[in-house]
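This report concerns only the one structure given below.
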Amino acid sequence: MSGKSIVIIGAGLSGTLLAIRLAQRGFKVQLHEKRADMRHVQMSAGRSINMALSDRGIKALKLIGMDEFMLNASIPMTGRMIHSPDGQTSLQPYSGRPGEYINSISRGGLNIGLLDKAESYENISLYFNSDCIDADTERGICRFRNTDGTISEVKADLFVGADGAGSALRNAFYKHSASLRFSFSQQFLTAGYKELHIPPGNEGGFLLEKNALHIWPRGRFMMIGLPNLDGSFTMTLFTDFDGENGFESLQAEDDVEKYFNKYFPDASALMPDLKKDFFMNPTGSLGTVKCWPWQYGGKFALLGDAAHAVVPFYGQGMNCSFEDCVVLDQLIDQYGDDWPSILPKYQDARKQNTDAIADLAVENFVEMRDLVADPVYIKKRQLETRLEFNYPDYFSKYSMVTFRADLPYSFAKEMGNKQNQLLMDICSTTSDISTLDTDAVMDQIRKLREDRQE
Ligand SMILES: Cc1cc2nc3c(=O)[nH]c(=O)nc-3n(C[C@H](O)[C@H](O)[C@H](O)COP(=O)(O)OP(=O)(O)OC[C@H]3O[C@@H](n4cnc5c(N)ncnc54)[C@H](O)[C@@H]3O)c2cc1C
């Protein structure tokens, strides 16, 4: 299609997916990755880290013909399994409609699958151990440090920074922030996270319900668990860094043992390596990155976490990054390789939506760690499940974000919050929701939508 050259910085999830799509369109793509080729190095302690793949991400994978391949390597999770402190469990379905569920997929497996596919295209050149250290937006070049320490200057018609939350390209924009009028904000939560592990049962079976995302909500902190294909679960503890029940309070093995036995007794009984994992695995921080503009001169653009890192509580960071690729692809349909026309439209189309999912993700932390155990919230979820089952035009906020790739995140946030408020008000004054006139509830919800359109 075009003799124009494209350099993508970062062969993570979104950079590799975009490289494939551009190659399918006939572009010549260089894909530079700072790290070694993950297909040939030992993954962290051989353990799976998994993530929730949902409709926006699936739509992007479909675009490159990899949706079925990836879904075959994933585990459907139909709802949240809530674990109360006394060991009781209850399933809150994600939707009352069949077919609306999320998928647990190995992060490494997904990235490797994308890299394998990328490698099959002659017009993609892969460069590992190629660390972007700077960009000169005036001269239109990026500098890369190679394994031997030498520095290469690379020219291209388009540079895409898909280099994650600590993006080097974004840092270059920041360095020239006065001339680019570049705005940047990074907001950390007071909470961090640590990955832990439940191994498979004796014959490779699952020790918890397989088709659910498990949550242990405990007020200011929580643990979640996602199933892996080998029967294990990747567990993640989210808690404050400081203060009571924070990481700071868990310094000795004894502290960890007591804490898990007190707050997560059913899970800790299934975690033989808990103390080892706890002290071996790093504690990660959680932050939201917002910036603007995402492009410079029709030649440099940011994609995925580099432009909009979000906290993981809606399971949307990757899905949203993949959606960036879909939007870019739609603009290529319209404008071909006219990057100076495409890039401003790309950033304009995405910004209000990525801001919306960033805010939704922070709000969802409170919902997951606390609200899911609240009696009014539980009634609201039951009512929503009934509405979804009976009314084809009802979609909860979660459904709009997760299962409606046709709706912008900004719409899901605005309508979803209004609906939530209405339903929480109804449920807080209704003792038995089975007595509710759901036709009347739906009339109120439709009215909210009509009011918005006027
Ligand atoms: C604990 C946790 C759980 C999550 N769970 C989910 C989930 O369930 N669902 C979901 O959708 N999202 C989830 N996310 C978010 C998701 O991981 C990210 O949004 C997603 O990885 C972003 O993809 P990306 O391609 O933009 O960046 P990345 O996947 O981070 O890829 C960036 C790549 O760029 C490379 N790179 C970095 N710097 C340079 C450089 N200077 N030069 C060259 N290469 C460079 C990196 O090595 C990396 O390979 C989670 C995040 C966290 C922290």
Those residues at least two apart in sequence (or on a different chain) that pass side chain to side chain contact (heavy atoms under 4.5 Å, CB included) with Ile378 are Gln92, Gln382
Got a sec, which residues hit side chain to side chain contact (heavy atoms under 4.5 Å, CB included) with Ser268, two or more places apart in sequence or on another chain?
Phe260, Asn261, Leu274
Judged by modelled atom types alone, do [X] and [Y] share a side-chain donor-acceptor pair under 3.5 Å?
{"X": "His32", "Y": "Gln30", "result": "yes"}
{"X": "Asp157", "Y": "Ser5", "result": "yes"}
{"X": "His308", "Y": "Asp355", "result": "no"}
{"X": "Asn146", "Y": "Ser152", "result": "yes"}
{"X": "Glu384", "Y": "Tyr398", "result": "no"}
{"X": "Thr288", "Y": "Gln186", "result": "no"}
{"X": "Asp266", "Y": "His83", "result": "yes"}
{"X": "Tyr263", "Y": "Asn245", "result": "yes"}

Residues forming a side chain to side chain donor-acceptor pair (under 3.5 Å) with [X], sequence neighbours excluded:
{"X": "Ser125", "result": "none"}
{"X": "Asp86", "result": "Ser84"}
{"X": "Arg39", "result": "Asp37, Asp116, Glu119"}

Set of residues satisfying salt bridge (charged side-chain N to carboxylate O under 4.0 Å, His left out) with respect to [X], sequence neighbours excluded:
{"X": "Lys299", "value": "none"}
{"X": "Glu33", "value": "Arg35"}
{"X": "Arg369", "value": "none"}
{"X": "Lys275", "value": "Glu257"}

Determine the interplanar angle of the Phe184 and Phe182 rings, folded into 0 to 90°, and report it as parallel if under 30°, tilted if 30 to 60°, perpendicular if over 60°.
parallel
Of the non-hydrogen atoms in Leu169 and Phe159, which two are nearest, and what is the gap between them?
CD2-O, 4.4 Å
Show me the donor-acceptor pairs within less than 3.5 Å that the side chains of residues 61-79 make with the rest of the protein, sequence neighbours left out.
{"unit_1": "Asn72", "atom_1": "ND2", "unit_2": "Glu68", "atom_2": "O", "d": "3.3"}
{"unit_1": "Ser74", "atom_1": "OG", "unit_2": "Leu71", "atom_2": "O", "d": "2.8"}
{"unit_1": "Thr78", "atom_1": "OG1", "unit_2": "Asn211", "atom_2": "O", "d": "3.3"}

Tested for ring pair (Phe, Tyr, Trp, His ring centres under 6.0 Å) against Phe365, the lone hit among Phe313, Phe221, Tyr193 is Phe313
Quick one: which residue pairs count as a ring pair (Phe, Tyr, Trp, His ring centres under 6.0 Å) with a foot in residues 100-124, not counting sequence neighbours?
none
Restricting to ring-ring contact (aromatic ring centres under 6.0 Å, His included), what partner residues turn up for Tyr377, sequence neighbours left out?
none
Pairing of [X] and [Y] as salt bridge, 4.0 angstrom limit:
{"X": "Lys290", "Y": "Asp359", "value": "yes"}
{"X": "Glu363", "Y": "Lys413", "value": "no"}
{"X": "Asp329", "Y": "Arg25", "value": "yes"}
{"X": "Asp55", "Y": "Lys59", "value": "no"}
{"X": "Glu253", "Y": "Lys276", "value": "no"}
{"X": "Glu414", "Y": "Arg449", "value": "no"}

Validate the cation-pi geometry between Arg404 and Phe395: distance from NZ or CZ to the six-membered ring centre under 6.0 Å, angle to the ring axis within 45°.
yes
